[in-house]
Amino acid sequence: MIATALLGASLPIDAGQLQRQLDFMVASCRAERVVHLIAHGTREVEMRMVRPEALPTVSENAALQCALGKVRERSDLQLGFTGNETRKK
């Protein structure tokens, strides 16, 4: 079972599959009311705040940090922000 998950993690994915993974990351952290993670291609991830005009509450910030932590754990992804191009390595 673990070997299958590791094998699946090493296979190339398409943008639709990456978007589903990002949606799952956000949902598992209960951060849907705080942030949207949007796949651009198979490596680049855009972070878009749901309410950019308002600072997140303490619980919303914890959810946001959870979701961002899950993206940072993936060395194959590059995180960018709305209005700020994703940096190339």
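Everything numeric here is computed off the predicted structure, so don't read it as measured data.
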Can you tell me which residue pairs pass the side-chain hydrogen bond (donor to acceptor under 3.5 Å, both in side chains) test with a partner in residues 26-37, sequence neighbours excluded? none
Going by the salt bridge (Lys or Arg N to Asp or Glu O under 4.0 Å) test, which pairs reach into residues 58-67, not counting sequence neighbours? R51-E60
So R72 and Q65, do their side chains get closer than 4.5 Å, heavy atoms only? yes
Out of curiosity, L77 CG to K70 NZ, how far, rounded to the nearest 0.5 Å? 13.0 Å
Side-chain heavy atoms of Q78 within contact of V45, under 4.5 Å: no
Residue set satisfying side chain to side chain donor-acceptor pair (under 3.5 Å) with N61, at least two apart, ordered chain then number -> none
Please enumerate all residues that pass side-chain contact (heavy atoms from CB on, under 4.5 Å) together with S59, with sequence neighbours excluded. T57
Restricting to pairs with a member in residues 16-25, which pass salt bridge (Lys or Arg N to Asp or Glu O under 4.0 Å), not counting sequence neighbours? none
Note, M25 side chain near R74 side chain (heavy atom, < 4.5 Å): yes
Working for side chain to side chain contact (heavy atoms under 4.5 Å, CB included), residues V50 and V34: CA-CA 5 Å; V50 173; V34 184; 5.5 Å; no
The side-chain contact (heavy atoms from CB on, under 4.5 Å) partners of A63 (sequence neighbours excluded) come to A31
Identify the heavy atoms of A39 and A15 that sit nearest to each other, and give their distance. CB-O, 3.9 Å
So do Q19 and I38 actually touch side chain to side chain, heavy atoms under 4.5 Å? yes
Less than 4.5 Å apart, side chain to side chain, heavy atoms only: is that true for M47 and L79? yes
For D76 and T42: C-alpha separation, side-chain torsions, deciding distance, then whether side chain to side chain contact (heavy atoms under 4.5 Å, CB included) applies. CA-CA 9 Å; D76 61 324; T42 58; over 6 Å; no
State, with a plain yes or no, whether a side-chain heavy atom of L18 is found less than 4.5 Å away from one of H40. no
